[in-house]
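Here is the structure we will look at, set down as structure tokens.
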2 protein chains.
Amino acid sequence: MFKKFKIPDATIGRLSMYSRYLSEADEKGITTVSSQDIAQATGVTPAQVRKDLAYFGEFGTRGVGYNSRELYTYIMKILGLDKRWSIAIVGAGNLGRALSKYKGFQQRGFDIVCIFDNDPKKIGKKLANINIYPLDQLEEKVKELKIDLGIIAVPASAAQEVADMLVGAGIRGIINFAPINVTVKENIILRRVDLAAQLEYLTYYLEETR
Amino acid sequence: MFKKFKIPDATIGRLSMYSRYLSEADEKGITTVSSQDIAQATGVTPAQVRKDLAYFGEFGTRGVGYNSRELYTYIMKILGLDKRWSIAIVGAGNLGRALSKYKGFQQRGFDIVCIFDNDPKKIGKKLANINIYPLDQLEEKVKELKIDLGIIAVPASAAQEVADMLVGAGIRGIINFAPINVTVKENIILRRVDLAAQLEYLTYYLEETR
DNA sequence: AAATCTTTGTTAAAAATTTAACAACCATTA
DNA sequence: TAATGGTTGTTAAATTTTTAACAAAGATTT
Ligand SMILES: NC(=O)c1ccc[n+]([C@@H]2O[C@H](COP(=O)([O-])OP(=O)(O)OC[C@H]3O[C@@H](n4cnc5c(N)ncnc54)[C@H](O)[C@@H]3O)[C@@H](O)[C@H]2O)c1
Ligand SMILES: NC(=O)c1ccc[n+]([C@@H]2O[C@H](COP(=O)([O-])OP(=O)(O)OC[C@H]3O[C@@H](n4cnc5c(N)ncnc54)[C@H](O)[C@@H]3O)[C@@H](O)[C@H]2O)c1
């Protein structure tokens with residue numbers, strides 16, 4: 001579909017930001033935006049914006065700028081957000097609960113369709129009206145509900161095991177919130193989100209001036 | 001203290017990972033580890049490990065490797081985790097609740113000491129035994145409790161306002177979970193954590209094979 | 001219709017980061 | 001004490017990413 005030679009990871013993250021700004025702009029009735037506008041709103045440079053977009057095609061008009069709605073639609077398509085995606089969360093704890101109650105994912109095309117846990121007290125209950133199942137129903141549900149994405153929200157000690165099960169069940173992309181390195185086979189897309197590490201980034205910079 | 005010319009951001013994140021592995025290794029009684037071992041455990045290359053460490057000094061012994069506990073201590077010091085840090089969370093919603101109940105932060109030296117919200121129904125209550133205060137007590141509490149770090153867990157529409165208040169109150173580092181670009185003055189360390197963007201990274205790569 | 005003003009897309013340059021290679025060094029063994 | 005094996009720290013090379021510059025192109029003005 002699009003030329004997908006090697007695009008910087010950071011570009012993908014920025015496209016998400018751009019798309020949010022564009023949808024806002026469009027809602028406000030701003031039909032045309034410049035790379036300058038996008039840059040200002042998202043905290044990058046105009047050159048960066050143009051470069052990021054140039055990987056995927058020509059979306060603007062010289063001397064004018066970009067049509068907000070049009071560019072928004074293009075970016076959403078690039079990100080695969082012209083379709084909806086089903087997600088399974090594993091781990092109905094603090095984090096699993098927060099994620100499953102979050103309305104923002106739906107708005108971006110994500111449906112959390114089921115939750116898994118190994119705690120008998122939680123199985124059979126619901127979170128945000130989403131059923132909690134035992135892990136042995138993982139494969140069945142992934143197939144039945146055509147689930148592509150998995151979120152690991154279990155303790156680090158169980159994360160690799162859960163990752164293996166998700167992959168075994170046919171899931172193709174995983175977000176891992178457990179603070180441990182998890183490995184998956186080649187063709188699975190894995191993303192680690194380490195919240196403590198984010199805090200530690202702050203303390204690294206503040207440490208010397210304390 | 002340490003030579004802090006420009007260190008890649010990614011290096012800081014990897015140091016967090018290394019430190020986790022090292023503490024595990026130490027607990028298991030593994031006194032010596034090689035860059036190879038660290039690399040394998042954290043999913044990077046041995047050269048990368050050595051390069052990352054070389055920014056800060058010489059911690060190993062050629063022909064031998066690194067002393068686990070010693071290197072752990074060094075890295076924790078580099079990250080500023082030889083001291084404890086106090087955190088204020090703003091937003092006692094889904095995410096704020098999950099973060100405040102999370103035990104893992106304490107273990108890394110972080111104490112969530114108070115929570116702020118503007119909802120009268122939540123003010124005066126507690127989350128994980130931490131008091132929820134109204135926003136107009138922010139400055140007072142930041143000073144009283146010597147709070148350095150703030151976490152923004154409010155809706156995007158309130159994020160900039162909250163960031164300004166945090167900075168005004170004297171906070172020096174901020175994690176922003178709201179999906180919007182927030183700006184702060186030069187000397188404040190700001191980190192954005194965009195969870196939806198993480199999912200969108202997955203869909204970007206899966207999009208074409210769906 | 002020519003001149004001017006804007007803003008994109010692209011190319012080149014610069015900067016940053018990662019990877020690779022290897023000399024230096026330590027420990028162990030012969 | 002010399003030789004061997006193993007691992008670091010460092011330097012150089014390769015790669016990736018960002019920044020800058022500007023020609024190309026559309027809109028507006030004279
Ligand atoms: N809560 C946070 O704010 C936060 C912050 C940073 C990182 N994390 C990480 O996210 C993960 C989840 O954190 P949490 O606070 O929600 O933990 P939690 O203890 O509240 O919840 C973990 C859940 O996983 C379930 N579980 C345990 N083993 C399982 C298994 N093998 N299969 C299925 N379910 C299993 C438990 O029953 C529990 O419901 C942890 O790895 C944690 O380190 C959480
Ligand atoms: N929950 C998630 O899993 C999740 C995932 C991704 C991003 N986020 C982002 O994190 C932020 C918080 O998400 P959430 O799900 O916890 O939202 P939430 O609506 O559950 O909670 C928001 C809280 O902020 C409080 N609040 C609102 N305006 C405020 C203000 N001006 N000052 C102080 N408090 C105020 C509300 O009273 C509420 O308690 C949002 O920006 C959201 O987009 C959340």
Side-chain angles (χ1 to χ4, degrees), chain A residues 2-18 21-22 25 30-72 74-75 78 181 201 204-205, chain B residues 2-18 21-22 25 30-72 74-75 78 181 201 204-205:
Chain A
F2 300 98
K3 32 174 181 166
K4 289 206 180 165
F5 44 97
K6 184 52 188 163
I7 310 288
D9 276 8
T11 291
I12 312 305
R14 286 190 296 263
L15 289 179
S16 292
M17 297 199 300
Y18 303 160
Y21 165 70
L22 290 166
I30 304 169
T31 55
T32 303
V33 299
S34 65
S35 58
Q36 175 74 252
D37 297 332
I38 300 175
Q40 184 131 49
T42 57
V44 303
T45 65
Q48 183 77 269
V49 171
R50 295 200 297 276
K51 193 74 214 281
D52 285 339
L53 296 174
Y55 287 121
F56 301 98
E58 301 186 10
F59 307 109
T61 309
R62 295 175 191 218
V64 181
Y66 305 90
N67 178 284
S68 310
R69 190 175 304 179
E70 206 174 287
L71 183 56
Y72 170 79
Y74 275 125
I75 294 181
I78 292 168
N181 184 245
Y201 175 92
Y204 167 77
Y205 282 107
Chain B
F2 300 100
K3 32 173 179 164
K4 289 205 180 168
F5 43 97
K6 183 53 190 163
I7 309 289
D9 277 6
T11 291
I12 312 305
R14 286 191 296 263
L15 289 179
S16 292
M17 297 200 299
Y18 303 160
Y21 165 71
L22 290 166
I30 303 168
T31 54
T32 303
V33 300
S34 65
S35 59
Q36 175 74 252
D37 297 332
I38 300 174
Q40 183 130 50
T42 57
V44 302
T45 65
Q48 183 76 271
V49 172
R50 296 200 297 277
K51 193 78 217 283
D52 285 338
L53 295 175
Y55 288 120
F56 301 97
E58 300 186 11
F59 306 109
T61 310
R62 294 176 193 217
V64 181
Y66 306 89
N67 177 283
S68 309
R69 189 174 305 178
E70 206 173 288
L71 183 56
Y72 170 79
Y74 276 125
I75 293 181
I78 291 167
N181 184 247
Y201 176 91
Y204 168 77
Y205 282 107

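Throughout, a chain's letter reflects where its sequence line sits, starting with A, and its residues are numbered from 1.
- One can find a donor-acceptor pair under 3.5 Å joining the base of C/dG9 and the side-chain atoms of A/Arg50.
- Within the structure, every side-chain polar atom (N or O) of A/Tyr66 is placed at least 4.0 Å from both OP1 and OP2 of C/dT6.
- Not a single donor-acceptor pair under 3.5 Å links the side chain of B/Asp52 to the backbone N or O of B/Val49.
- The CG atom of A/Asp37 sits 10.5 Å away from atom OG1 of A/Thr42, with the distance rounded to the nearest 0.5 Å.
- With rounding to whole Å, A/Asp37 atom CG is found 14 Å from C/dT6 atom P.
- Residue B/Phe59 holds its CZ atom at 15.0 Å from CZ of B/Arg50, rounded to the nearest 0.5 Å.
- Using modelled atom types, one side-chain atom of A/Ser68 and one backbone atom of A/Thr31 make a donor-acceptor pair closer than 3.5 Å.
- Taking 4.5 Å as the limit, every side-chain heavy atom of A/Leu71 sits out of range of all side-chain heavy atoms of A/Tyr18.
- In this structure, OH in B/Tyr74 is found 10.0 Å from CG in B/Asn67, a value given to the nearest 0.5 Å.
- Candidate nucleotides C/dC26, D/dA27, C/dT8 were compared by shortest atom distance to the side chain of B/Val64, and C/dC26 ranks first.
- Nearest nucleotide to the side chain of A/Glu58, out of C/dC25, C/dT10, D/dA24: C/dT10.
- Whole-Å rounding puts the A/Gln36 CD to D/dA20 P distance at 13 Å.
- Between the CZ atom of B/Phe56 and the CD1 atom of B/Ile75 there is a distance of 9.0 Å, given to the nearest 0.5 Å.
- Annotation: of the two residues near DNA chain C, A/Gly60 and A/Gly63, the 5′-most nearest-nucleotide partner is A/Gly63.
- What separates CG of A/Asn67 from C1' of C/dT8 is a distance of 15 Å, to the nearest Å.
- One can place OH of A/Tyr74 at 11 Å from P of C/dG9, the figure rounded to the nearest angstrom.
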Quick one: which protein N/O atoms are closer than 3.5 Å to N/O atoms of nucleotides 14-18 of chain C? Pair and distance per line, please.
| residue | atom | partner | partner atom | Å |
| --- | --- | --- | --- | --- |
| C/dT18 | OP1 | B/Arg14 | NH1 | 3.2 |
| C/dT18 | OP2 | B/Arg14 | NH2 | 3.0 |

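- OP1 or OP2 of C/dT8 lies within a sub-4.0 Å distance of a side-chain N or O belonging to A/Ser35.
- When distances are taken from the side chain of A/Arg62 to each of D/dA24, D/dT8, D/dA20, the shortest belongs to D/dA24.
- Atom pair A/Leu53:CG and C/dT10:C1' shows a separation of 13 Å (rounding to whole Å applied).
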